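Taking it in order: structure first as structure tokens, then the write-up.
Predicted model only: the values in this text are computed from it and were never measured. Position 1 is the first residue of the sequence, and the numbers go up from there.
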Amino acid sequence: SNFIWETLDQMKHYPDWAQWVTFLRNHDELTLRYCPKETHDRLCSMLRKSGLAFRSGHSISGRTASFLQENSPRIIMSHFLLASLPGNPAIMYGDEIGKTNDLDYMEQQYELKQKQGVDSNLKADSRDSNRGTITDMDWNSPPAVSLRSEIASIFNVRSTLVELPISLPNQIETPAHIFGAQYVWDDTRFSSYINLSDTGTSHTLDSKTKNEVVLAVNGASSTHSKIILPPFAGVWIISHDE
């Protein structure tokens, strides 16, 4: 979670009249060319497994579901993390139903541009893999309906947390791979705990406060003295002193 906190630290430096837009990916490609070389190389090696290179390998194209190996709990966790951050979240077309990279559409666009004589040296544009149509079958399949419902619940609850988009959280000391953030609004302490571990490891955290669960995903829960985070689970809680 260090990358997240480094980015949150940078979010302090924007004018009062501005606001951040946050996203898991965008409609073109994930631009990595401005990352430090070590970070760039690490991210590229991870994302190339399920994405497509763009701009001489400086960037990667692809949809969120493909980057996350079509793993629904990971997709839900990623959106829960997005909703746990300040700013205004943007969900790219198709991510709400777990749409994957559309290589057929990318090839169709390549063939169309060739027929139009756009450029005799034209190569397939990997960004087209995250574009294309969404069919009724895509939208109404049982996995899509289930995922869409889960993601909608996250952002419906978030919409009630009117202070969150314009606040910056404090980091909670947690074990490695656990994201812990606390927002303080007047007399309200709102916290988010998310298990980011990619090893399928569950974590149990001690809690010294009485916790009211606002929302839990992927089996997370909170008892009188514990916060329980199965793999890819997350929970929002409001804390009350004993």
Open item on the list: When you measure from the side chain of Asn195 to the backbone of Pro230, do you find a donor-acceptor pair of N or O atoms at a distance under 3.5 Å?
Closed with: yes

Open item on the list: Main chain of Ser129, side chain of Asp102: is a donor-acceptor contact present, judged purely on distance under 3.5 Å?
Closed with: no

Task: 4.5 Å side-chain heavy-atom contact, Val184 and Phe190 - done: no

TODO: Could you grab the distance from atom OG of Ser78 to atom CG of Asn71, nearest 0.5 Å is fine?
DONE: 9.0 Å

Open item on the list: Does any part of the side chain of Ser61, heavy atoms only, come nearer than 4.5 Å to the side chain of Arg127, both counted from C-beta?
Closed with: yes

Open item on the list: Go through it in stages, so that I can follow the logic: the residues are Trp139 and Glu96, the test is side chain to side chain contact (heavy atoms under 4.5 Å, CB included), and I'd like the CA-CA distance, side-chain angles, deciding distance and then a yes or no.
Closed with: CA-CA 9 Å; Trp139 185 257; Glu96 75 279 21; 3.3 Å; yes

Open item on the list: Please check this pair: side chain of Gln69 against backbone of Phe67, looking for a donor-acceptor N/O pair closer than 3.5 Å.
Closed with: yes

- [ ] May I ask you to decide if His177's main-chain N or O and Ser197's side chain share a donor-acceptor pair within less than 3.5 Å?
- [x] no

Task: Beyond-backbone contact of Leu164 with Trp185, side-chain heavy atoms, under 4.5 angstrom - done: yes

Task: All ring pair (Phe, Tyr, Trp, His ring centres under 6.0 Å) counterparts of His40, not counting sequence neighbours - done: His58

TODO: Mind running side chain to side chain contact (heavy atoms under 4.5 Å, CB included) on Arg131 and Tyr105 for me, showing each step along the way?
DONE: CA-CA 8 Å; Arg131 298 167 180 167; Tyr105 180 79; 3.8 Å; yes

Open item on the list: So which atom in Ala65 and which in Thr100 form the shortest heavy-atom distance, rounded to 0.1 Å?
Closed with: CB-CG2, 4.2 Å

TODO: Using the rule that two of Ile, Leu, Val, Met, Phe, Trp, Tyr join whenever any of their side-chain heavy atoms come within less than 4.5 Å, decide whether Val217 and Ile228 are in one cluster.
DONE: no

Open item on the list: Testing the basics here: between Trp5 and Gly180, what is the closest heavy-atom pair and its distance to 0.1 Å?
Closed with: CZ2-O, 3.3 Å

Task: Sidechain-backbone polar pair: Ser167 side chain, Tyr183 backbone, donor-acceptor under 3.5 Å - done: no

Open item on the list: Grouping I, L, V, M, F, W and Y whenever their side-chain heavy atoms are under 4.5 Å apart, do Met92 and Ile134 come out in a common cluster?
Closed with: no

TODO: To the nearest 0.5 Å, tell me how far Leu161 CG sits from Ile238 CD1.
DONE: 7.5 Å

TODO: Please check if atom CG in Asn156 has more than 12 non-hydrogen atoms from other residues, nucleotides or ligands closer than 6.0 Å.
DONE: yes

TODO: Without swapping roles, check the side chain of Arg158 against the backbone of Ala83 for a donor-acceptor pair under 3.5 Å.
DONE: yes

TODO: Please answer: with hydrophobic residues joined when any side-chain heavy atoms are less than 4.5 Å apart, are Leu103 and Leu30 in the same cluster?
DONE: no

- [ ] Check whether the side chains of Asn211 and Thr209 place a donor and an acceptor atom closer than 3.5 Å, and report yes or no.
- [x] yes

- [ ] Compare all side-chain heavy atoms of Arg74 with those of Asp198 and state whether any distance is below 4.5 angstrom.
- [x] yes

- [ ] Output the distance between atom CG (Leu112) and atom CD (Glu107), rounded to the nearest 0.5 Å.
- [x] 11.5 Å

TODO: Would you indicate whether the side-chain heavy atoms of Lys113 and Asp128 approach each other to under 4.5 Å?
DONE: yes

Open item on the list: As an exercise, state the distance from CZ of Phe179 to CD1 of Ile4, rounded to the nearest 0.5 Å.
Closed with: 5.5 Å

Open item on the list: Is any side-chain heavy atom of Ile60 closer than 4.5 Å to one of Arg48?
Closed with: yes

- [ ] State the OG1-CD1 distance between Thr64 and Ile91, to the nearest 0.5 angstrom.
- [x] 9.5 Å

TODO: Taking the side chain as every heavy atom from C-beta outward, state whether Ile194 and Met77 have any atom pair closer than 4.5 Å.
DONE: yes

Task: Single-linkage hydrophobic cluster, 4.5 Å side-chain cutoff, Leu196 and Phe232 together - done: yes

Task: NZ/NE/NH1/NH2 to OD/OE distance under 4.0 Å, Asp95 and Lys99 - done: no

Open item on the list: Looking at every non-hydrogen atom in both residues, tell me the closest pair between Ser50 and Asn101 and how far apart they are.
Closed with: O-ND2, 3.0 Å

Task: Spacing of Ser192 atom OG and Leu85 atom CG [to the nearest 0.5 Å] - done: 8.0 Å

TODO: For atom CE of Met11, decide whether the heavy atoms of other residues, nucleotides or ligands shown that lie under 6.0 angstrom number more than 12.
DONE: yes

Open item on the list: Contact between Ile154 and Ile76 at the side-chain level, heavy atoms closer than 4.5 Å - yes or no?
Closed with: yes

TODO: Check step by step if side chain to side chain contact (heavy atoms under 4.5 Å, CB included) holds for Asp206 and Lys226.
DONE: CA-CA 5 Å; Asp206 292 328; Lys226 303 288 184 182; 2.5 Å; yes

Open item on the list: Centroid separation under 6.0 Å, is that true for the rings of Trp236 and Tyr193?
Closed with: no

Task: Expected output: side-chain Gln114 to main-chain Gln109 donor-acceptor under 3.5 Å - done: no

TODO: Look at the aromatic rings of His79 and Phe155 and report parallel, tilted or perpendicular, splitting at 30° and 60°.
DONE: perpendicular

Open item on the list: On a heavy-atom basis, which atom in Gly87 and which in Pro89 lie closest, and how many Å separate them?
Closed with: O-CD, 3.5 Å

Open item on the list: Looking at Ser84 and Phe80, would you say the former's side chain and the latter's main chain have a donor-acceptor pair under 3.5 Å?
Closed with: yes

Task: Expected output: side-chain Ser153 to main-chain Ser149 donor-acceptor under 3.5 Å - done: yes

- [ ] Specify the closest pair of heavy atoms between Leu147 and Ile97, including all atoms of both residues, with the distance to one decimal.
- [x] CD2-C, 3.6 Å

- [ ] Please name the pair of heavy atoms, one in Gly234 and one in Leu229, separated by the smallest distance, quoted to 0.1 Å.
- [x] CA-CD2, 4.2 Å

TODO: Verify, without hydrogens or angle tests, whether Asn130 (side chain) and Asp28 (backbone) share a donor-acceptor contact under 3.5 angstrom.
DONE: yes

Open item on the list: Are Phe54 and Tyr110 connected into the same hydrophobic cluster when the rule is that any two of I, L, V, M, F, W, Y join if their side-chain heavy atoms are below 4.5 Å apart?
Closed with: no

Open item on the list: Go through it in stages, so that I can follow the logic: the residues are Leu82 and Thr22, the test is side chain to side chain contact (heavy atoms under 4.5 Å, CB included), and I'd like the CA-CA distance, side-chain angles, deciding distance and then a yes or no.
Closed with: CA-CA 7 Å; Leu82 179 65; Thr22 57; 3.4 Å; yes

